[in-house]
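Side chains included, hydrogens not; waters and symmetry mates left out as well; all remaining heavy atoms used. Labels below follow one simple rule: chain letters A, B, ... track the order of the sequence lines, proteins then strands, and each chain is numbered from 1.
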There are 2 protein chains.
Amino acid sequence: MTRQAFCRRQVLQCTDAPPKLLITSDYFLQSVMPGLPEDQIVGSVLDAIAEQRLPAGTKLGEQALSDLFGCNRANVRRALATLAAQHVVELRPNRGAYVMTPSPREARNVFQARRAIERTIAREAAGRSTPEDIAFLRRNITEEAQAKATGDKPGELRASRDFHLRLARIAGNDVLERFLSELTMRSTLILGLYSPQGSSCCAEDEHARIVDALERADSEALVSLTTSHLEHLEAGLNFDDKPRAKLTLEDQLAPWRDPSQAV
Amino acid sequence: MTRQAFCRRQVLQCTDAPPKLLITSDYFLQSVMPGLPEDQIVGSVLDAIAEQRLPAGTKLGEQALSDLFGCNRANVRRALATLAAQHVVELRPNRGAYVMTPSPREARNVFQARRAIERTIAREAAGRSTPEDIAFLRRNITEEAQAKATGDKPGELRASRDFHLRLARIAGNDVLERFLSELTMRSTLILGLYSPQGSSCCAEDEHARIVDALERADSEALVSLTTSHLEHLEAGLNFDDKPRAKLTLEDQLAPWRDPSQAV
DNA sequence: TCATCATAAATTGTTAACAATCTGTGATGA
DNA sequence: TCATCACAGATTGTTAACAATTTATGATGA
């Protein structure tokens, strides 16, 4: 079978699956909550990426999104512009929007930025945590462990992300919190591309020790634990193999993953 | 004529013209360069903010922008969404887009984030600078001094911003560079609101000493000089008086600066 | 079989008209 | 004088149709 014909078959397989995009448009929230439609789209896409339901390279068609969320294309376009500004989505003129595919270099930069930001967050968070914060974080750790035990990868990723973002919240700096939010999103894409198949995203005992240090308000320990935690995360990446997507197949064959895109 | 010089000339030509918004729509670049219209808008607005031609609170009307740049409102809306994603513009539903007015709390967070990021940039930049980089930075310092001497505030701000962004470029991390780009923009808004009238944005000898340390590849000195430089900058802010705009008048009277907006 | 090319379908980009909302102005009445 | 209200103008939000471009498909010929 020719490569061309093979691609066609794959396209058919992909398109005939009822939910083309693994994004949940929650009609309950949509009708009840006051949020603007474009915020709904942005939030849903970010959630989907954060839980690796949307792998890198996925096309985000305007029609598909406007159908999913029951709004017009103008809103979709604004949402995509917002996502592109966060470097989570790539806008190719006349071709559409695609979930960003981070290069190895970009991956290193993202993790370096995370170290810079989370170090400061750790220093600031020490001594500012309330008992509620500690309780939240400990509960989060058990949640992550449970998700990992049951093979619930999205749940595991969500828990891990929530852990880091909660620390940012404790530190009390909106700016750093937003930067970290973007970086964790991009980290998820990176992990999806470059981390060995079954590897978990965070070693749980590291999170536990971070909470211990936080509870003791041990600023120095908190900083060094956070730093090494991120270094371990980055060390687990493997850039030698070609970037792959979740299921090892469907990606190599996808028509949009052309070589010219490589950065 | 260099592209930069051309842009500057355009600025002068445009500012004495009727257009209410001090944004230059460079028709030369617009017609020749391949950039999308929305990128033109985003770039021009960012430039205008970076040089304090657009003070905090200025309304960015859709009609005005689409007239200025000769494009349709759809492009303007996308551009505004991009600017809003960078927290440089505030989108108020049904009311329009306004240049962000940072609160004192936001100001502190921005500078804390800058310290976190620029420290890492300093550490990475040490030992990576080329002779061209050093030459650029020394030239930049004299440019800034000259702008300060001639009372060219926009030129001074641009030079100072270019200095910090060049360091980020030297450090070689796109992610940190983009974050810093956003933060310097917001810093300019903050300085416009909270810094005493005549104060200059950066002490020039501090920049000079930073370049010296960079040339010596003295990582430790570079980090500490950068940190203290930012601390001096932040220490020069005055949050006691009410936030004011550049010309002390035109702002107090402006209809859009209502008290309910204060955060 | 393979590459090239033309054509049809699908997708993105643009435009203009219309609806909804906000803002400013002036009249009214206490 | 002051507050309230209605109305006209201006601005933002939405929609649908159309144009431009890309992508998929099939035919043609070496």
Whole-Å gap separating P (C:dT11) and CG (A:Leu80): 14 Å
Whole-Å gap separating P (D:dT11) and CG (B:Leu60): 14 Å
Donor-acceptor pair (no angle test) under 3.5 Å: A:Arg73 side chain, C:dG13 base: yes
B:Arg161 and B:Thr188 side chains, donor-acceptor separation under 3.5 Å: no
Separation of D:dA16 P from A:Glu62 CD (nearest whole Å): 16 Å
Lys/Arg-Asp/Glu bridge criterion (N-O < 4.0 Å) met for B:Arg186, B:Glu182: yes
Interatomic distance, A:Arg92 CZ vs C:dT12 P [rounded to whole Å]: 12 Å
Donor-acceptor contact below 3.5 Å, side chain A:Asn173 vs main chain B:Asn109: yes
Selection from C:dT15, D:dT12, C:dG13 that lies nearest to any side-chain heavy atom of B:Ala74: C:dT15
B:Asp67 CG to D:dA10 C1', straight-line distance once rounded to whole Å: 13 Å
Value in whole Å for how far the P atom of D:dG9 lies from CD of B:Gln63: 17 Å
Between C1' of C:dG13 and CG of A:Leu91, the distance in whole Å: 12 Å
Main-chain N/O of B:Gln63 paired with B:Ser66 side-chain donor or acceptor, under 3.5 Å: yes
5' precedence on DNA chain D between A:Pro93 and B:Ala97 (nearest-nucleotide basis): B:Ala97
Touch class at under 4.0 angstrom, heavy-atom based, for A:Asn94 against every strand present: sugar-phosphate
Side chain of B:Asn72 (C-beta onward), nearest among C:dT14, D:dT14, D:dT11: C:dT14
Side-chain N,O (A:Lys59) to OP1/OP2 (C:dT12) below 4.0 Å: yes
B:Arg169 charged N/C atom sitting above B:Phe136 aromatic ring, 6.0 Å / 45°: no
For atom OH of A:Tyr98 and atom P of D:dT22, their distance in whole Å: 12 Å
Polar pair under 3.5 Å, donor/acceptor by atom type, side chain B:Arg95, base D:dG13: no
